[in-house]
Amino acid sequence: NYLAPVGDQAGQTADRQIDGLADLGAARMQGMGSATPLWRMRNGYALPDRDRLVEIEAYIAALDEAAARLHIPESANVYERVARISHALFEVQGFAGDTDEYDAPHNSFLDRVLERKRGLPILLCIVFMEVGRRVGVTIDGISFPGHFVVAPRDADPRFYVDPFHGGRVLRDEDLRE
């Protein structure tokens, strides 16, 4: 980093920093409608802005609250736990895939997905996995060509949940199609 070309000179200074995240930061700021950078560069490292960290904490708290609202008996097995997570996220809170603006940048940002309750398959899967983790269910993300679903690790027989399509339950034979 210290000898890398920055502009027309070699090496970084306080005024000349390599910012490999510049395009991501610009898109994120535009998506937030903000002129405040998410980070500042120091010696080649992206240091988050303190105010932005406070905002991030609010979104983490939203996941905590979603899990806290679930009423899952301790005796519930993995199937019932996953059914309750699905019901809460998709029926009660209204999370769903964004079929109208699938490629829109806001579908790729977790904070926007939590606000809008719409997003890409992988982001909705992250929400599902994180809520599951908070209520004691280990849920794995499963990547398929062109799609992403989740599966509770301890389920036998194995099944899958498709958060993009409202929590639709899938079996192995469904995924082969």
Side-chain angles (χ1 to χ4, degrees), residues 21 23-25 27-34 38 48 52-177:
L21 302 172
D23 291 342
L24 175 63
R28 187 66 202 105
M29 287 169 49
Q30 181 182 7
M32 294 172 66
S34 172
L38 299 173
R52 296 297 182 213
L53 288 176
V54 170
E55 290 176 22
I56 291 168
E57 184 62 33
Y59 293 107
I60 292 171
L63 291 168
D64 294 339
E65 289 169 19
R69 284 192 295 263
L70 291 173
H71 301 289
I72 300 178
E74 285 190 37
S75 62
N77 64 30
V78 67
Y79 302 99
E80 183 176 349
R81 289 175 183 271
V82 169
R84 287 177 182 251
I85 294 167
S86 288
H87 176 76
L89 291 177
F90 307 117
E91 300 297 322
V92 175
Q93 295 182 41
F95 279 90
D98 190 342
T99 56
D100 295 331
E101 299 180 292
Y102 187 89
D103 293 323
H106 55 247
N107 286 327
S108 299
F109 298 120
L110 184 58
D111 59 333
R112 297 291 291 140
V113 170
L114 290 170
E115 289 171 0
R116 297 176 60 248
K117 299 183 185 336
R118 298 284 180 275
L120 294 175
I122 194 166
L123 271 291
L124 294 170
C125 287
I126 289 170
V127 170
F128 198 96
M129 291 187 298
E130 284 300 310
V131 171
R133 184 177 63 81
R134 285 163 169 77
V135 297
V137 181
T138 302
I139 299 172
D140 298 318
I142 311 291
S143 179
F144 287 93
H147 204 54
F148 205 87
V149 297
V150 294
R153 186 175 294 170
D154 297 332
D156 186 22
R158 186 129 167 115
F159 70 95
Y160 308 87
V161 178
D162 182 354
F164 189 80
H165 293 104
R168 180 176 58 170
V169 174
L170 304 166
R171 295 195 166 68
D172 285 329
E173 53 271 13
D174 298 321
L175 299 175
R176 288 187 194 108
E177 295 175 0

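All values below were derived from every heavy atom in this structure, side-chain atoms included, with hydrogens, water molecules and symmetry-related copies excluded.
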Self-check item: Arg116 with Asp98: basic N within carboxylate O range, under 4.0 Å
Solution: yes
Exercise. Examine distances only and state if a side-chain atom of Arg84 and a backbone atom of His71 form a donor-acceptor pair shorter than 3.5 Å.
Key: yes
Quiz item: Does some side-chain heavy atom of Asp162 sit less than 4.5 Å from a side-chain heavy atom of His147?
Solution: yes
Quiz item: Do Thr99 and Phe164 come close enough that some side-chain heavy atom pair is under 4.5 Å?
Solution: yes
Quiz item: Hey, does Leu89 have a side-chain heavy atom less than 4.5 Å from the side chain of Pro163?
Solution: no
Quiz item: Do Tyr102 and Leu120 come close enough that some side-chain heavy atom pair is under 4.5 Å?
Solution: yes
Quiz item: Of all heavy-atom pairs between Ala66 and Val131, which one has the smallest distance, and what is that distance?
Solution: CB-CG2, 4.1 Å
Self-check item: Minimum side-chain heavy-atom gap Leu123-Phe109 below 4.5 Å
Solution: no
Exercise. Report yes or no: does Arg153 contribute a side-chain atom to a donor-acceptor pair with the main-chain N or O of Val137 at less than 3.5 Å?
Key: no
Quiz item: Got a sec: does the CZ of Arg158 have more than 12 other heavy atoms crowding it under 6.0 Å?
Solution: yes
Quiz item: Are the side chains of Phe159 and Pro152 in touch, meaning some heavy atoms are under 4.5 Å apart?
Solution: yes
Quiz item: Does the Tyr59 side chain pair with the main chain of Arg112, one donor and one acceptor, at a distance under 3.5 Å?
Solution: no
Quiz item: Within the side chain of Arg81, is there an N or O that forms a donor-acceptor pair under 3.5 Å with the backbone of Val135?
Solution: yes
Quiz item: How about Arg133 and Ile139: do any of their side-chain heavy atoms sit closer than 4.5 Å?
Solution: no
Quiz item: Is there side-chain contact between Phe95 and Phe128, with at least one heavy-atom pair below 4.5 Å?
Solution: no
Exercise. Keeping the roles fixed (side chain from Arg134, backbone from Glu130), state whether a donor-acceptor pair exists under 3.5 Å.
Key: yes
Quiz item: Nearest 0.5 Å, what's the CD1-CD distance between Ile60 and Glu65?
Solution: 12.5 Å
